[in-house]
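In each ligand, atom 1 is the first atom listed, and ligand 1 is the first ligand listed.
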Amino acid sequence: MNIFTQTRINDCVCDKKVDFEEVILNPGTSSRGLYTLENIPSVDFASIINYDYLELTKYIFRALNIDPESNTLEEALQCYKKFDNPLNPAPLVKIKENLYAQELYHGPTRAFKDMALQPFGVIFSKLANKKHKKYLILTATSGDTGPATLESFANRDNIFVVCLYPKGGTSDVQALQMTTQNAKNLKILGIEGNFDDAQSTLKSLLNDEGFKNTLEKKQIYLSAANSVNFGRIAFQIIYHIWGYLNLVKNNQINFGEEIFIVIPSGNFGNALGAFYAKMMGLPIKKIIVASNPNDILTQFIHTGIYNIQNKALIKSLSPAMDILRSSNIERVLFALFGAKRTTEWMNNLENTSCYKLTPHEHSLLQSYFLATSCDDKECLQTIKETFNIGYLSDPHTATGIKAAQELCHQTPAIICSTAEWSKFAPTVAKAILGKNLCDKEAIELLNQQAHIQIHSSINDLFSKPIIHTQTLDKDEIKSSILDWLK
Ligand SMILES: *Cc1c(COP(=O)(O)O)cnc(C)c1O
């Protein structure tokens with residue numbers, strides 16, 4: 001089993017390097033950095049072109065030396081049976097010449113978070129059972145992580161999940177995906193406030209020693225399933241490789257030909273997966289980072305300066321990418337420049353809200369990444385134009401399509417399609433029909449006027465009973481959780 005290191009220098013005496021199981025169950029580090037792999041191996045992709053999704057996952061996990069014991073991975077990947085096509089959970093769809101969407105949203109909650117959270121849930125629960133421990137998993141969501149986490153952990157032994165979401169801050173479909181969950185081990189709490197309030201409440205609970213001690217007296221341990229957990233990242237490497245190998249299998253490219261991978265990015269988990277694939281030797285010319293009006297990642301890749309001084313978060317039409325501090329970029333910095341530099345930069349970010357690469361460092365970063373941003377007007381226009389040539393995209397995917405059109409030219413490109421349109425129906429209806437509608441009306445009208453089919457899991461939401469109705473103030477959350485666990 002591979003041993004994980006930390007992205008930041010750890011001057012605490014308890015410097016411990018830990019294995020994958022520990023990283024999954026307890027993602028918090030002693031250095032305030034992230035657990036990460038020390039080395040990324042190179043892989044002979046030509047020899048594995050014909051592997052199926054399970055064989056590919058096993059092969060890559062083995063290459064990274066993070067293969068969990070016995071048949072855990074086989075069991076975990078059974079989750080893809082819940083996807084539209086179990087044999088191809090992440091299919092490619094051709095948009096036009098040289099431009100493909102890899103649809104990562106064919107799982108139960110219709111966003112790409114299922115690709116990793118579904119198998120992650122199985123592995124996490126197996127490990128908890130093996131250790132005879134109970135876990136409380138806390139999560140905060142702006143809309144997609146919450147439903148995917150709940151779906152993954154529903155009815156699992158020894159696991160409780162509390163999900164905090166900003167009341168009124170998600171789409172109706174996203175809210176219903178959470179509030180209609182009826183498994184006994186799940187608790188969904190609306191928070192008065194925005195996503196930042198939900199996130200900061202989560203952080204203060206995770207760091208609350210009193211809360212932790214009270215839980216441990218009940219033999220319950222606190223954990224998080226957020227997107228920095230390497231147990232999720234590992235599964236996000238696989239589909240990028242799968243996409244490339246499928247282009248080869250379908251004779252769209254020759255093996256070895258370089259392609260672009262275009263990624264609508266927020267917390268950079270999806271892009272990190274592609275970065276590792278490129279480090280392993282997958283023929284990726286560049287990873288193209290698509291931003292929305294919150295273009296901090298694009299600015300960083302363009303200038304080598306990460307500067308959030310005087311920056312405020314903008315609410316955009318692609319809310320899952322509304323971000324200022326993008327966590328997983330730290331693992332890229334570690335992989336390219338080591339722990340010492342990463343620690344300096346992260347300290348600078350904490351102290352001055354800014355850090356800078358040298359010109360030499362910046363050019364190394366640019367050898368992996370290109371970037372561009374997309375404002376809301378361009379997003380709506382892209383949805384409409386793409387629909388007119390026969391492809392329906394959600395607002396996040398649209399930022400990727402816009403980026404590909406700007407930067408890819410004659411080179412084949414795979415755009416990660418991160419959500420189904422149905423999760424953001426009002427925006428899609430505005431783009432295509434020019435109307436302002438609520439989720440249900442938008443879905444119905446798109447179905448009638450544009451003949452767009454709706455997946456049953458989304459349609460059924462509107463007739464399910466709502467189980468979770470509680471909305472609380474930030475300071476009522478802790479006692480509410482403890483009450484529930486009684
Ligand atoms: C989470 C999410 C993203 C951003 O992914 P990161 O891995 O955080 O960069 C983009 N689009 C959708 C629809 C998402 O749910």
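Side-chain contact annotation: K402 with Q405, donor-acceptor N/O pair under 3.5 Å absent.
Of all protein heavy atoms, the one lying nearest to atom 9 (O) of ligand 1 is G266 N, 2.7 Å. The protein heavy atom nearest to atom 12 (C) of ligand 1 is T418 OG1, 3.4 Å.
Using a 4.0 Å cut-off between charged side-chain N and carboxylate O, K423 and D144 make a salt bridge. A salt bridge links E361 with R341: at least one charged nitrogen is closer than 4.0 Å to a carboxylate oxygen. The pair D197-K167 does not meet the salt-bridge criterion, since no charged nitrogen lies less than 4.0 angstrom from a carboxylate oxygen. The pair R110-E420 meets the salt-bridge criterion, since a charged nitrogen lies less than 4.0 angstrom from a carboxylate oxygen. A salt bridge does not link E441 to K435: none of the charged nitrogens lies less than 4.0 Å from a carboxylate oxygen.
Within the 4.5 Å cutoff, side-chain heavy atoms of Y53 are placed close to those of Y239.
Atoms of ligand 1 found under 4.0 Å from any heavy atom of K113, numbered from 1 in the order shown, are 1 (C), 2 (C), 3 (C), 14 (C), 15 (O). Applying the 4.0 Å criterion to heavy atoms of G269 picks out, from ligand 1, the atoms 6 (P), 7 (O), 9 (O). Annotation for ligand 1: atoms under 4.0 Å from non-hydrogen atoms of A419 are 13 (C). Ligand 1 places these atoms under 4.0 Å from at least one heavy atom of S265: 9 (O). Atoms of ligand 1 lying under 4.0 Å from any heavy atom of N267, numbered from 1 in the order shown and given with element: 6 (P), 8 (O), 9 (O). The contact set between ligand 1 and D144, taken as ligand atoms under 4.0 Å from a residue heavy atom, comprises 12 (C), 13 (C), 14 (C), 15 (O).
In the candidate list F112, Y105, F424, F112 is nearest to atom 3 (C) of ligand 1, counting heavy atoms. Taking only non-hydrogen atoms, the option from P264, S291, C416 nearest to atom 10 (C) of ligand 1 is P264.
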What do the steps show when you test I60 against M280 for side-chain contact (heavy atoms from CB on, under 4.5 Å), and what is the final call? CA-CA 10 Å; I60 298 300; M280 289 176 191; 4.1 Å; yes

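Among the atoms of M321, none of the N or O lies under 3.5 angstrom from an N or O of ligand 1.
Taking the ring centre of Y368 as origin, the terminal cationic atom of K286 falls outside the region bounded by 6.0 Å and 45° from the ring axis.
Heavy atoms of K423 found under 4.0 angstrom from ligand 1: none, in either backbone or side chain. Using a 4.0 Å cut-off between heavy atoms, N270 contacts ligand 1 through both its backbone and its side chain.
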